[in-house]
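As the structure is a prediction and not an experimental result, all values here were calculated from the model. Lettering of chains follows the sequences in order, A, B, ..., and the numbering in each one begins at 1.
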Amino acid sequence: MALSSLVQTPWKGKAKALDQDFEDLDPVITYRHLHAQNLGVRDPLRVIALCDSDAFYAACEMVRLGVDKDTPLVVLQWDAMIAINYPARKYGISRLKKYNLKELKEKHPDLMIVHVATYKEGEKEPGYWDDVDTKTHKVSLDHYRRESMKIAAMFKECLPGCETEKASIDEAFFDFTKCVREIILERYPYLKQVPLDAPDGVDTRLPPPPPIAWDGLGHVIPVNPAPAGEGNAEGTPSNQEASASTRTDEASDPPCTWHDVALSIGAELINKARQQVYEKLGYSTSAGIARNKFLAKLTASYKKPNSQSILRNAAIPKYLRPLPFQKIRFLGGKLGTAIAKEFEASTVGDLLSISLEEMQRKFGEDSIWIYEVLRGIDRSEVKEKSAVNKSMLASKNLPTPITDASEGLHWIRVLAAELALRLNEARETNPNLWPKSIVLHARRGYEASRSKQAPFPFTREVTVDTIAAAGDKLWKELVGSELATKVTSVQLAFTGVEGAEAGQRSIEGFLTSAQSAKRQRGDDTDIRHVSLDDSLADQGNDIATSWTNGPSGDRSSDAHVPSFVCSRCGKKIILPSTTAPSVYEEGHLEALRREHDDFHFAQDLAKESAGGLVISGPSKSRTGNGKPVSGASKGSPKKKKRRKDAPENVGIEKFFRKP
DNA sequence: GTGGATGAG
DNA sequence: CGCTCATCCAC
């Protein structure tokens, strides 16, 4: 019944109000809008894309194994399926169910079943083994992380000048607004000048846009979707990319706008990039193109795999209304559940009757974000993220809880080995990367997990031993002297991982100059060649650490107090005797010396860099644009506190423990 | 800075 | 499901 009132002819008269709940979907676009440089999130020609990799982990394994694209393949982690590629989904295999692998193989002889790579006791690097066992192995996701970086790099290469934000291991956002604007001006040069007879000067509405050839650009989500049960809804195979043209009520679609032109150009751009990624790297992807991030994300899932979809503004109302709102980013968790309960709602349409005031009364000031999102508005920006993750976590769940104290130390060592490998690999491209602190989490039975953390001093050579020693110390603080039993989960993490993020050349040039300067000085503070930890580092996960006296001269004349004198600053460095002796603490003097050396090294770096190299401090993410608060506090909603901005650059000394 | 909670994938 | 990552907040 309401249908007839919705099927109107919006292009008749002023093209306004496509739907009374959704304003702002057909704004007047003027020459001023087109020529403006920084309209940001309010730009009426904004174009955002979200691209994600189809069944990413499974795709990684397919590429690694070089199998045909139609090969059904699943990825296991112990006996759970963590990825199922699309060919395998045709067998009805789903993520949740547990499978008897024998039966599964018998039923589908061509199904490839791959277990993720694992670290194995005694092996230095993760690998693919036949005898995976959760009691002795630890999962490694390194391969996926590396492939993810390759894909991200290729997207950036294919899309120069586009803002990109890697949102997770398998997806990224792109802001095409700027490049699209340039292309529009190139293709339609008559828009460069405001016509002399324009009634309102730069504020004159743009002339009608040219017709859009959607062919090959993806699925254009229909403005008036076919009723459920007929037509090609999701899942129906279709070779045609744009499917709207077969419908009889096509005529009721409103005419295209300049924003639709912009979307179609965005679709061209992402399409080319996706093709490159597929051809060069072998990964199929799905993309969504829309006016903002949350809609782009939603749109990407319209048709998968290996496809892309476009959501015109005009299609937003009917696309959103029936959508279960808990599918929207940030409404999938407790907040979404609370909203569903509070208003007895399940779809976006159910919530459109809730006024902003009521929403805010129940869920706080910030829920204006929710109010807007339900109406297709999202002001969050596509923000370039640092290439390096700020934290690095290695964790292990223990199916059989720890019964012996030594087991905890064993797992810490395995986790430390992984962290060492990962940090050092990251340092290959970002040499002076370091974590501000190290954190150990442990959980007993089903209790909440507890954690302890400590600063992690800068050292150029990060070894298993350095990390394990720090981990062991935290372990003692965490579980104390009481017997470590019933521990069901151990996590070791680096946090505050950062370093120089300036251009690669400047970093390298800088390092070599610093090092050659050092060589010229004839400094002998570099003791890496006699480092105890270095000799141990080659032994993989071996725990054995027998105490050997350092090379002669390592100790001062005082035989009772382990110490040394720095040749650069003359300072006597004494090993603090605050902790009880332990096999894991025997390398401490060496560690201290290296640390002290690294202190000088970094000071040199800081001095010589003066303007060249930027050591970035923690940069605050601004929250003034209506973004959701992801870490919502439980209980009654709190008002958001505006925190003061931290200074952009933090002195390098902050990151060092004073020697 | 520390430790916990929430959310996404 | 197990393993990650990020961000926020009270302390």
A:L393, nearest nucleotide to its side chain (from C:dT4, C:dG2, B:dG3): C:dT4
Closest to the A:Q453 side chain, choosing from B:dT2, C:dA6, B:dG7: B:dT2
Contact under 4.0 Å: A:K383 side-chain N or O vs C:dA6 OP1/OP2: no
Short side-chain N/O contact to B:dA5 OP1/OP2 from A:K334, under 4.0 Å: no
Nearest-Å distance for atom pair CG/P, residues A:L331 and B:dG7: 10 Å
Distance test, side-chain N/O of A:Q77 to OP1/OP2 of C:dC1, below 4.0 Å: no
Side-chain donor-acceptor contact under 3.5 Å, A:D54 with A:S286: yes
Other residues, nucleotides, ligands: >12 heavy atoms within 6.0 Å of A:R146 CZ: yes
Whichever of A:R145 and A:Y57 has its nearest DNA chain C nucleotide further upstream toward 5': A:Y57
Closest nucleotide among B:dG4, B:dG3, C:dA6 to the A:R450 side chain: B:dG4
From B:dG9, B:dG3, C:dC5, nucleotide with atom closest to A:N389 side chain: C:dC5
Any donor-acceptor N or O pair under 3.5 Å, side chains A:K362, A:S367: no
Touch class at under 4.0 angstrom, heavy-atom based, for A:D52 against every strand present: nothing
Closest listed nucleotide, where the reference is the side chain of A:D170 and the choices are B:dG9, B:dA8, B:dT2: B:dG9
A:Q491 vs C:dC3: side-chain N/O to OP1/OP2 distance below 4.0 Å: no
Sugar-phosphate only, base, or nothing, as touched by A:K166 at under 4.0 Å among non-hydrogen atoms: nothing
Rounded distance in Å - CD (A:E418) to P (C:dG2): 17 Å
Six-ring centre of A:Y91, A:R89 cation under 6.0 angstrom, axis tolerance 45°: no
Of A:S391 and A:L141, the one whose closest DNA chain C nucleotide lies more 5': A:L141
cation_pi(A:K293, A:F173) dist<6.0 Å, angle<=45: yes
Length of the line joining A:D142:CG and C:dT4:P, which is rounded to integer Å: 8 Å
A:S451, nearest nucleotide to its side chain (from B:dG7, C:dG2, B:dG4): B:dG4
Residue A:V139, side-chain atoms from C-beta onward, closest of C:dC3, C:dT4, C:dT7: C:dC3
Separation of A:Y302 OH from A:S307 OG (nearest 0.5 Å): 10.0 Å
Residue A:K138, side-chain atoms from C-beta onward, closest of C:dC3, B:dG9, C:dT4: C:dT4
Lys/Arg cation over aromatic A:Y283: A:R274, 6.0 Å, 45° cone: no
Touch class at under 4.0 angstrom, heavy-atom based, for A:S437 against every strand present: nothing
Touch class at under 4.0 angstrom, heavy-atom based, for A:L415 against every strand present: nothing
Sugar-phosphate only, base, or nothing, as touched by A:K385 at under 4.0 Å among non-hydrogen atoms: nothing
Atom pair distance, as rounded to whole Å: CZ in A:F294 and P in B:dG9: 14 Å
Spacing of A:I82 atom CD1 relative to C:dC5 atom P, expressed in whole Å: 13 Å
Listed nucleotide nearest any side-chain atom of A:A80, set C:dA6, B:dG7, C:dC1: C:dC1
Between P of B:dT6 and NE2 of A:H441, the distance in whole Å: 15 Å
Side-chain N,O (A:R329) to OP1/OP2 (B:dA8) below 4.0 Å: no
Nucleotide C:dC9, atom P - distance to CG of A:L335 in whole Å: 13 Å
Atom-pair distance (CZ on A:F456; P on B:dG1), nearest Å: 17 Å
Sugar-phosphate only, base, or nothing, as touched by A:M81 at under 4.0 Å among non-hydrogen atoms: nothing
